[in-house]
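Input: a single structure, listed below in structure tokens.
Residues: numbered from 1 along the sequence shown. Quick caveat: nothing in here was measured; it's all calculated off a predicted structure.
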Amino acid sequence: MIDIAIVATTFALIFPAELPDKTMVATIILVTRYRHPLGVWLGAAAAFLVHVVVAVAAGSAIGLLPERVVGGVVTVLFAVGAI
């Protein structure tokens with residue numbers, strides 16, 4: 001069962017950090033350029049939907065790999081990022 005308090009807390013913490021990202025800036029620029037807010041919003045929503053579907057598919061595919069392989073790749077990626 002989903003605890004609504006945890007969902008609300010997570011949303012409240014992540015939303016302000018994600019709000020001023022590049023998607024918001026790109027959407028504002030497109031609305032001011034094309035003056036079709038609904039069309040721009042629908043395009044941004046569709047792009048976000050595709051983004052989420054690709055992320056879920058990639059995560060599901062990674063979940064099929066052996067845990068040691070995923071752990072090793074993640075370790076290397078974090079090490080390279082730290083350097």
Using a 4.5 Å side-chain heavy-atom cut-off and chaining through intermediate ILVMFWY residues, the residues clustered with Trp41 come out as Leu38, Leu42
Tracing side-chain contacts under 4.5 Å among Ile, Leu, Val, Met, Phe, Trp and Tyr outward from Val7 reaches Ile2
Across all chains, not counting sequence neighbours, the side chain to side chain contact (heavy atoms under 4.5 Å, CB included) partners of Thr10 are Ile6, Ile14
Residues at least two apart in sequence or cross-chain that pass side chain to side chain contact (heavy atoms under 4.5 Å, CB included) with Val50, listed by chain then number, are Val54
Note: with side-chain heavy atoms under 4.5 Å as the link, the other cluster members for Leu30 come out as Val31, Tyr34, Val40
Joining Ile, Leu, Val, Met, Phe, Trp and Tyr whenever any side-chain heavy atoms lie under 4.5 Å apart, the cluster holding Val74 also takes in Ile62, Leu65, Val70, Phe78
